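One-based numbering along the sequence shown. As the structure lists them, so they are numbered: ligands from 1, and atoms in each ligand from 1. Since we're looking at a predicted model, the values are computed, not measured.
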Amino acid sequence: MEWRIVGGHAALDLANTVAPRSPGTVEEDHLSDPAALLDWAQRAGVVDEAEAVQVAQAWAPEEALADALEIRAMVDDTLHGRRLAALTRRWAEAMARAEMLPRETGATLVVGADPAMMIGDRLADALVDLLRHADLSRLRSCPLDEGGCGWLFLDRSRNQSRKWCTMEDCGTHAKSRRLTERRRSASVKQRAGA
Ligand SMILES: [Zn+2]
């Protein structure tokens, strides 16, 4: 599977695993089975290669997938202020399993220290991080009404002018579709004039 990771944040990349992201319709769910989840988690930087091996040995695959899909559903909800208590509970579970490891000075918090729960714990933590720390004034969605895919991303461009998930993908599609439509309407006009 060729993953497109465009959200600029793991929680948004999680939301972007359905296409298109249109309310009430899911045409394609890219997290169709546990193997896809593990593959995506690696590609999205949620786990590294060695951790992915640990996860595969330790997890209950279907439960981990259900957990990840539940957190995915919380992305939209919590961005709209809903189900915050449910996310808090899930995040508290993740924190209960987290470990503090010493550094030369201070310590590092390792979320997802338990491989069986690693992906879900890190996704819950990522979503809390998104809500708490991301600059959500830069949150955009690839415009569905103009032929985009509805995927979410943080627009980090300097003048905040990013419109599409990727220019090469939806941006180009939309441009070529507009061109086709223009040509079609031009030829209709020509015929009407003839
Ligand atoms: Zn798009």
Side-chain angles (χ1 to χ4, degrees), residues 1-49 52 64-84 87 90 119-120 122-186:
M1 171 100 198
E2 195 58 48
W3 299 101
R4 289 198 301 130
I5 306 291
V6 302
H9 193 288
L12 299 178
D13 291 327
L14 176 64
N16 295 344
T17 52
V18 293
R21 284 192 78 255
S22 179
T25 63
V26 174
E27 283 189 6
E28 218 184 316
D29 189 340
H30 297 167
L31 300 183
S32 50
D33 55 51
L37 172 64
L38 194 55
D39 190 38
W40 170 82
Q42 235 181 298
R43 181 67 181 77
V46 177
V47 297
D48 65 26
E49 212 178 322
L65 178 63
D67 185 33
L69 297 184
E70 178 66 19
I71 297 165
R72 181 175 73 183
M74 285 183 194
V75 177
D76 270 307
D77 282 341
T78 54
L79 279 170
H80 292 94
R82 298 186 298 262
R83 299 186 66 206
L84 292 169
L87 175 59
R90 182 62 189 82
I119 293 178
R122 289 188 182 171
L123 292 178
D125 189 42
L127 180 49
V128 168
D129 176 79
L130 176 78
L131 297 166
R132 289 177 70 195
H133 300 304
D135 180 0
L136 293 178
S137 70
R138 288 175 179 261
L139 180 64
R140 310 268 182 278
S141 67
C142 186
L144 282 165
D145 54 351
E146 295 176 56
C149 63
W151 281 13
L152 301 172
F153 57 88
L154 291 172
D155 178 5
R156 294 204 174 93
S157 65
R158 191 189 296 246
N159 53 1
Q160 302 200 31
S161 60
R162 181 173 158 195
K163 179 173 181 181
W164 307 98
C165 59
T166 53
M167 203 52 224
E168 307 80 60
D169 217 296
C170 288
T172 310
H173 290 173
K175 217 188 276 173
S176 67
R177 198 171 40 248
R178 272 200 304 277
L179 205 65
T180 312
E181 276 162 19
R182 259 207 302 276
R183 284 200 190 117
R184 196 176 298 140
S185 78

Enquirer: Taking atom CD as the centre, does E49 end up with more than 12 heavy-atom neighbours from other residues, nucleotides or ligands that are less than 6.0 angstrom away?
Expert: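 For E49, atom CD is not crowded (no more than 12 foreign heavy atoms under 6.0 Å).
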Enquirer: Of R72, H30, E28, R4, which meets side-chain hydrogen bond (donor to acceptor under 3.5 Å, both in side chains) against T17?
Expert: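 Result for side-chain hydrogen bond (donor to acceptor under 3.5 Å, both in side chains) with T17: R72.
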Enquirer: Inspect the contact between K163 and E146 and indicate whether a charged nitrogen and a carboxylate oxygen are less than 4.0 angstrom apart.
Expert: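 Answer for the salt bridge query: yes.
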Enquirer: For distances below 2.8 Å, what is the count of protein N, O or S atoms around the Zn ion (ligand 1)?
Expert: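 Count of protein N, O, S atoms less than 2.8 Å from the Zn ion (ligand 1): 4.
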Enquirer: What residue among L14, L12, T78, L79 forms side chain to side chain contact (heavy atoms under 4.5 Å, CB included) with L127?
Expert: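 Looking at L14, L12, T78, L79, the match for L127 under the side chain to side chain contact (heavy atoms under 4.5 Å, CB included) is T78.
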Enquirer: Check this for me: does any side-chain nitrogen of one of R83 and E70 sit under 4.0 Å from a carboxylate oxygen of the other?
Expert: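 Salt bridge: yes.
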Enquirer: State plainly whether the residues D13 and R43 are in salt-bridge range, i.e. N to O under 4.0 Å.
Expert: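 Looking at R43 together with D13, the answer is no, because their closest N to O distance does not fall below 4.0 Å.
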